[in-house]
Amino acid sequence: MKGKKSLAYLITGGAGFIGSHLSDLLLAQGHRVLSVDNLSTGRLENIAHLHSHPHYQFVRADILEAVVMDRLASQVDIIVHLAAAVGVNLIVDHPVHTIETNIMGTEAVLKVALRYGCRVLIASTSEVYGKGIRIPFAETDDVLLGSTSKSRWAYAASKMVDEFLGLAYHQEYGLEVIPFRLFNTVGPRQTGRYGMVIPRFVTQALQNEPITVYGDGTQSRCFCDVRDVVQALAALSINEEAVGKLYNIGNTEEISMNELAERVRDLAESESSITLIPYSEAYGPGFEDMQRRVPDISRVNALIGWQPTRTLDDILLAVIEDKKDNE
Ligand code: UDP
């Protein structure tokens, strides 16, 4: 891969929110992009603008379709594995689907990557930090998840298995694997259909409907613009030193959901009220949320000099414009 300027990438989940932005960036950098997606949560609208790009190809298939994956992997240098069951709603409602998709899907990707010697970036999640209380969260921290009777934690556990499996392929077979943990990633093209808070708040604000803050609204998150996130992924993917290590990717600007609701309402110039909805009503009985989630990004920063460039206000204004144009 060293010295090769134009590379071929396979993006799983390529029609998804993050996959579509990563495709935009890699194509702009002069690479070839093959994209595979079963369109379960991905959308053709996300990639409609790439349809006629000479270096882009989209294949509608499931990553468990071995023959298709074999053909695609045989043509690429690097696989970025983003296909997964995501969104808290989906996870709580369909835990079997979440666990099976995330574990079997990653296993399938690693197997085919090994066959063709592709480098693989594996998407994991900041959910893995679970109930950790040492803020900010660093890659080397211990992990404390909730009980297996709470289906929310199935997502984190399934992604931890993906990380273990990826690192094991690296250790045992020498496969070039780079797992990364995404913190809350937002921006244009993200839909609120799967529960993500910013697209939901923005749509509610633009329709002057009540903005639904779950719990008491004191829980906080850090939101990173997807266009910053994909810059980190592209840079990590071509860095030899990145291989075999795990990276946090996220923003460090923290905001509570109460403050976020107010910020969205102000920026959208909305007349919405802000309502508190108990977690039990939003997600069903016994739901456990993460109170805070702040990344330590010093590892990725030290390696590739990456840090987010867009503030929360930049992101919110971009999402508001995007939703005004498209909804
Ligand atoms: N949330 C909220 N109202 C909504 C959707 C989500 O208050 O309409 C809260 C949710 O309970 C969580 C935070 O916003 O505390 C972020 O939720 P999201 O699903 O976007 O991501 P998570 O960080 O839970 O993966």
Side-chain angles (χ1 to χ4, degrees), residues 16-18 41 82 84-95 98 102 123-132 135-137 145-146 150-160 181-207 209-226 229 248-265 268 270 272-295 312 315-316 319 323:
F17 158 61
I18 301 172
T41 53
L82 299 172
V86 289
V88 173
N89 286 0
L90 190 66
I91 287 142
V92 170
D93 294 344
H94 302 286
T98 300
N102 292 357
S124 183
T125 169
S126 55
E127 276 275 317
V128 164
Y129 292 106
K131 300 181 172 192
I135 300 283
F137 296 141
L145 297 185
K150 307 258 158 68
S151 58
R152 178 203 178 114
W153 303 110
Y155 179 56
S158 68
K159 283 293 180 182
M160 275 183 77
R181 290 179 178 166
L182 291 181
F183 284 67
N184 294 66
T185 301
V186 293
R189 300 181 200 152
Q190 187 178 39
T191 144
R193 215 176 302 155
Y194 308 106
M196 279 78 175
V197 67
I198 286 189
R200 282 176 56 81
F201 280 7
V202 168
T203 302
Q204 290 164 343
L206 290 176
Q207 293 173 352
E209 284 173 0
I211 298 180
T212 56
V213 172
Y214 298 161
D216 66 4
T218 59
Q219 74 274 27
S220 67
R221 294 291 186 272
C222 300
F223 297 97
C224 192
D225 192 293
V226 65
V229 167
N248 281 342
I249 301 177
N251 204 326
T252 51
E253 185 184 347
E254 189 178 8
I255 187 166
S256 75
M257 294 309 103
N258 283 327
E259 290 168 300
L260 179 68
E262 279 170 27
R263 189 90 71 90
V264 169
R265 182 171 61 183
S270 159
S272 290
S273 58
I274 294 174
T275 12
L276 292 183
I277 300 198
Y279 283 125
S280 56
E281 219 175 278
Y283 298 117
F287 180 81
E288 291 177 337
D289 202 3
M290 284 175 74
Q291 185 61 22
R292 292 179 71 191
R293 194 192 276 172
V294 184
L312 183 60
I315 299 170
L316 292 177
V319 175
K323 294 251 175 270

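Counting convention: from 1, in listed order, for ligands and their atoms alike. Numbering starts at 1 and runs along the sequence shown. Because the structure is predicted, anything quoted here is derived from the model rather than measured.
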Practice task
Consider ligand 1: state whether an atom of it lies below 4.0 angstrom from any non-hydrogen atom of Arg293.
Solution key: yes
Practice task
Kindly indicate whether the side chain of Phe223, heavy atoms from C-beta on, has any atom under 4.5 Å from the side chain of Asn251.
Solution key: no
Handout entry: Interfacing atoms of ligand 1 (cut-off 4.0 Å, heavy-atom, Val213)
Key = 7 (O)
Handout entry: 4.5 Å side-chain heavy-atom contact, Val197 and Tyr214
Key = no
Handout entry: Audit row: Ser220, Glu259, side chain to side chain donor-acceptor pair (under 3.5 Å) steps and yes/no
Key = CA-CA 9 Å; Ser220 67; Glu259 290 168 300; over 6 Å; no
Practice task
Report, in ascending order of atom number, the atoms of ligand 1 lying under 4.0 Å from any heavy atom of Met257.
Solution key: 13 (C), 14 (O)
Exercise for the section: Look only at interatomic distance and state if Tyr279 has a nitrogen or oxygen under 3.5 Å from any nitrogen or oxygen of ligand 1. Expected result: no
Completion exercise
heavy-atom search around atom 3 (N) of ligand 1 in the protein gives Thr212 O, 2.7 Å
Exercise for the section: Would you indicate which of Ser126, Gly192, Gly195, Gly217 comes nearest to atom 19 (O) of ligand 1 when only heavy atoms are counted? Expected result: Gly195
Completion exercise
Here the atoms of ligand 1 under 4.0 Å from any heavy atom belonging to Asn184 are 21 (O), 22 (P), 23 (O)
Practice task
Please find out if less than 6.0 Å separates the ring center of Phe17 from that of Tyr194.
Solution key: no
Practice task
Heavy-atom distances under 4.0 Å are what count here, so tell me which part of Tyr283 touches ligand 1: side chain, backbone, both or neither.
Solution key: side chain
Exercise for the section: Report yes or no: do Thr212 and Gln204 form a side-chain donor-acceptor pair below 3.5 Å? Expected result: yes
Problem - For Asp289, atoms of ligand 1 separated by under 4.0 Å from a heavy atom - result: 11 (O), 12 (C), 15 (O)
Problem - atom 23 (O) of ligand 1: the protein heavy-atom neighbour that sits closest, reported with distance to 0.1 Å - result: Arg221 NE, 2.5 Å
Handout entry: Pi-cation contact, Tyr129 with Arg181 (under 6.0 Å, within 45°)
Key = yes
Taking only distance into account, with no hydrogens and no angle test, what donor-acceptor pairs under 3.5 Å do side-chain atoms of residues 282-289 form with protein atoms, sequence neighbours excluded?
unit_1	atom_1	unit_2	atom_2	d
Glu288	OE1	Lys131	NZ	3.1
Glu288	OE1	Trp153	NE1	2.8
Glu288	OE2	Lys131	NZ	3.3
Asp289	OD1	Arg152	NH1	3.2
Asp289	OD1	Arg221	NH2	2.9
Asp289	OD2	Tyr279	OH	2.6

Exercise for the section: Considering heavy atoms of the protein only, find what lies nearest to atom 7 (O) of ligand 1 and give residue, atom and distance to 0.1 Å. Expected result: Tyr214 N, 2.8 Å
Problem - N or O contact, Arg200 vs ligand 1, cut-off under 3.5 Å - result: yes
Handout entry: Proximity flag Tyr194 to ligand 1, non-hydrogen atoms under 4.0 Å
Key = no
Practice task
Please determine if Val197 has a nitrogen or oxygen closer than 3.5 Å to a nitrogen or oxygen of ligand 1.
Solution key: yes
Exercise for the section: Work out whether the distance between some heavy atom of Arg152 and some atom of ligand 1 is less than 4.0 Å. Expected result: yes
Exercise for the section: Check salt bridge (Lys or Arg N to Asp or Glu O under 4.0 Å) between Arg263 and all other residues, then give those that pass, not counting sequence neighbours. Expected result: Asp313
Exercise for the section: Could you verify whether a donor N or O on one side chain and an acceptor N or O on the other, from Asn258 and Ser256, lie under 3.5 Å apart? Expected result: no
Exercise for the section: Using a strict cut-off of less than 4.0 Å between a Lys/Arg side-chain nitrogen and an Asp/Glu carboxylate oxygen, indicate whether Glu254 and Arg292 qualify as a salt bridge. Expected result: yes
